[in-house]
Amino acid sequence: MQTTRRMARCLGRLLRLTPVVDRWTPPRRGGRAPYYTFILLGRPSLAPMADLPDKRTAPIDWYLAVVEAADLSDKRYGIKGMNVWPRYGFRARRNLDRILVREIEATGSEAVEFPALIPANEFAKEKEHIKGFDAQVYWVTRGGLSELDVPLVLRPTSETAMYPIFALWVRSHQDLPLNVYQIVNTFRYETKTTRPFLRVREIHFFEEHTCQLDEDRATDRVRSNLDAFARMAGAFCLPYLAVRRPDWDKFAGAHYTIALDIPIGGARTLQIGSVHHYRENFSVPYRISYETATGGRANVHQTTFGLSERLLGAIVAVHGDERGAVFPSEIAPYEVVIVPIPTATARAAIEAATRELADRLARAGLRVFLDRGEERPGAKYFRWELRGVPLRLEVGGRELEGRRASAVDRLGTRSTVALENLETEVAERLRAFDRELMRRAQVAFRESFSVATDLSQLNGSTRVRVVGWCGSEACGHEIEKAIDGALLGVPEGTPPAVEGPPGPCIACRRSDGVRWAFAAQPI
RNA sequence: GGGACUGUGGGGUAGCUUGGUCCAUCCUUCGGGGUUCGGGACUCCGAGACGCCAGUUCAAAUCUGGCCAGUCCCA
């Protein structure tokens with residue numbers, strides 16, 4: 001039974017019921033009052049640890065509840081969009097970063113770090129760029145008690161911090177390519193609602209910046225970045241789209257932008273990264289030029305590759321279920337949790353055995369947690385399922401006797417592990433878990449798309465729509481209006497859900513130069 | 001930028017309309033004791049909150065104003 005607050009009070013008195021705000025009512029729309037649900041006096045509903053909102057009907061509430069209950073982010077800091085990384089969540093972030101570093105360094109990129117503050121005059125050099133970020137930068141205008149002569153921008157991204165220095169670093173063709181990245185925090189003054197990991201004001205940002213000899217080499221670098229991302233996404237078990245954004249939606253200052261998008265239910269998508277080709281757009285104003293092999297001068301062509309903790313949000317949103325988070329093994333704060341099941345007779349033996357198992361797995365390089373808490377085993381199962389640990393090992397009297405451990409992975413697959421082969425069998429279970437996680441994600445991914453051939457099909461769509469688009473901005477905007485979202489752009493490669501080439505443009509019905517494109521509601 | 005709404009222990013909430021019966025309810029959480037322990041244990045004891053600052057009043061969680069924080073809608 002649902003009603004408004006005032007009605008709730010009156011009715012509550014009449015009926016001797018206690019009105020209780022349902023913890024997970026859908027988000028309030030407009031100025032309307034929250035919904036109230038009645039429960040019998042004296043029997044308030046239990047709000048158990050992992051009694052999560054329904055992921056399908058209330059995805060935002062589900063997401064926020066999981067992030068909080070699984071101890072991934074603490075959002076009580078007191079500044080909108082600036083959250084605290086608690087120990088458990090930070091472990092996941094460190095694992096995420098480890099994969100980014102591993103894959104980008106495999107392509108010959110090296111780590112650097114630039115300052116967080118950028119002088120206003122440097123920030124303003126590239127006109128499109130400053131226009132794109134003007135409304136969302138934080139300014140530092142005072143040092144101590146005095147006003148600064150040159151105000152400073154807290155980096156929203158680091159082009160304008162790096163490129164004046166790049167101009168000094170790059171002098172000869174022998175200095176190229178320059179491929180460097182940094183993982184730092186950046187700041188954007190978001191005015192819209194913020195969400196942990198998905199939209200924040202202090203962004204945990206991975207950014208690669210490169211300088212190349214010419215346009216083709218820069219195009220190659222874009223490809224190389226996309227390949228690197230494919231490997232990263234493999235570790236995250238995340239199927240994704242690489243989409244060339246329409247011109248009106250590209251990064252401020254870019255020649256073109258290839259965005260990485262994932263579907264996250266209904267027609268909604270989440271951008272989890274982007275690769276940009278800058279051509280000479282920044283190297284001209286920042287004078288990043290070099291002496292060629294033949295003695296002439298040329299401007300470098302630049303690229304960037306950006307990722308953030310949104311990836312973590314994407315992993316939670318895509319893999320999580322009604323029991324909580326589900327982490328792919330490479331991201332999981334702990335890959336294995338060991339739950340001892342003490343018995344009256346074998347308590348000490350079980351204690352000793354589980355310690356030894358934990359030691360062995362740790363020595364084998366696995367992130368393992370031995371849960372020696374006082375809770376009963378069942379409570380521990382729920383907690384670690386909520387927190388998304390891929391594999392749980394149970395060791396009790398029965399296991400001890402049989403020299404084995406019972407294993408249950410986060411997707412519910414049960415098996416038995418022989419203690420003598422513990423390390424290899426656990427590694428095997430984790431690989432099988434990742435494969436199954438990816439398989440499930442791919443099934444859901446494919447089901448997220450469907451072709452639309454008429455604008456009327458876009459309204460209220462429950463899928464990301466694949467449409468024929470002639471490439472004109474006017475038609476693009478018409479499509480965006482029809483779906484109440486955005487035209488994501490043209491896929492790199494063949495899109496899901498299609499057979500053969502596109503028909504006529506969904507908006508203007510022209511059939512020349514038509515490409516497949518995605519229409520969706522980005523969050 | 002314009003508008004609407006919300007703020008009570010660590011989390012979720014009751015109480016506010018009609019100020020007093022509130023040293024603030026219930027669930028969860030946390031600390032301690034006991035009995036338990038193969039899927040969220042039970043029990044006893046204890047801890048912990050009215051966003052901030054003013055104002056009205058004999059009396060403010062409750063009314064008024066400002067501020068801060070958050071949410072939603074529209075541009």
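Every chain is numbered from 1 and lettered A, B, ... according to where its sequence line falls, protein lines coming before strand lines.
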Within 6.0 angstrom of A:Y88 OH, more than 12 heavy atoms from elsewhere: yes

SB check A:D321 A:R410 (cutoff 4.0 Å): yes

Validation row, ring centre A:F445 to ring centre A:F449 under 6.0 Å: yes

Pairs touching residues 131-140 of chain A that satisfy salt bridge (Lys or Arg N to Asp or Glu O under 4.0 Å), sequence neighbours left out: A:E128-A:K131

Whole angstrom value for the distance that separates P of B:G11 from CG of A:D61: 17 Å

B:A14 versus B:C58 - spacing of their C1' atoms, nearest Å: 28 Å

Whether A:F187 and A:Y138 hold their rings parallel, tilted or perpendicular, with breakpoints at 30° and 60°: perpendicular

Test: A:E385 and A:R392 ion pair at under 4.0 Å: yes

C1' spacing across the pair B:G10 / B:C22, given as an integer number of angstrom: 23 Å

Nearest-angstrom distance from the residue atom CG of A:D71 to C1' of B:G10: 12 Å

Sugar-phosphate only, base, or nothing, as touched by A:E394 at under 4.0 Å among non-hydrogen atoms: base

Whole-Å P distance, B:G48 and B:G39: 37 Å

Pairing of A:R245 and A:D261 as salt bridge, 4.0 angstrom limit: yes

Partner residues of A:R355 under the salt bridge (Lys or Arg N to Asp or Glu O under 4.0 Å) criterion, sequence neighbours left out: A:E351

Separation of atom CG in A:L386 from atom C1' in B:U28, rounded to whole Å: 14 Å

Charged N-O contact under 4.0 Å between A:R201 and A:E190: no

RNA chain B contacts among residues 73-92 of chain A, heavy-atom distance under 4.0 Å: A:R76, A:G78, A:I79, A:K80

A:F382 six-ring face occupied by A:R387 cation (under 6.0 Å, within 45°): no

Watson-Crick or G-U stems involving RNA chain B, each at least 3 pairs long, distances under 3.5 Å, ordered by first number: B:1-7 with B:68-74, B:10-12 with B:26-28, B:29-35 with B:41-47, B:51-55 with B:63-67

Rounded distance in Å between the P positions of B:G51 and B:C37: 45 Å

RNA chain B-proximal residues of residues 408-418 of chain A, any heavy atom under 4.0 Å: A:R414

Pairwise C1' distance for B:C23 and B:C63, with rounding to whole Å: 23 Å

A:R93 to A:W85 six-membered ring, cation-pi geometry met (6.0 Å, 45°): yes

d(CD, A:E375; C1', B:G40) in whole Å: 9 Å

Separation between the P atoms of B:C5 and B:G9, rounded to whole Å: 23 Å

Spatial distance of atom CZ (A:R465) from atom CG (A:L487) [nearest 0.5 Å]: 14.0 Å

Between B:U6 and B:U62 - C1' atom distance, rounded Å: 16 Å

A:R439/A:E436 salt bridge by N-O under 4.0 Å criterion: yes

Integer angstrom distance from the P of B:A49 to that of B:G65: 29 Å

Euclidean distance, atom CZ of residue A:R404 to atom P of B:G38 [Å, nearest integer]: 17 Å

Nearest-Å distance for atom pair CG/C1', residues A:D484 and B:A75: 14 Å

Give every pair of a protein N or O atom and an N or O atom of nucleotides 41-45 of chain B that lie under 3.5 Å apart, one pair per line with the distance.
| residue | atom | partner | partner atom | Å |
| --- | --- | --- | --- | --- |
| B:A41 | OP2 | A:R376 | NH1 | 3.2 |
| B:A41 | O4' | A:R376 | NH1 | 2.5 |

Atom-pair distance (CD1 on A:I341; P on B:U36), nearest Å: 19 Å

Under-3.5 Å donor-acceptor pair between A:E399 side chain and B:G38 base: yes

Integer-rounded Å distance: B:U29 C1' and A:R383 CZ: 10 Å

Donor-acceptor pair under 3.5 Å, A:E385 side chain vs B:G40 base: no

A:F382 ring over B:G40 six-membered base ring, under 5.5 Å and 30°: yes

Close side-chain approach of A:P390 and A:D409, heavy atoms under 4.5 Å: no

Sugar-phosphate only, base, or nothing, as touched by A:R347 at under 4.0 Å among non-hydrogen atoms: base

Check ion pair A:E375-A:K380 (N to O, under 4.0 angstrom): no

Nearest to side-chain heavy atoms of A:R323, which nucleotide of B:U71, B:G38, B:G39: B:G39

Aromatic centroids of A:F251 and A:H129 separated by under 6.0 Å: yes

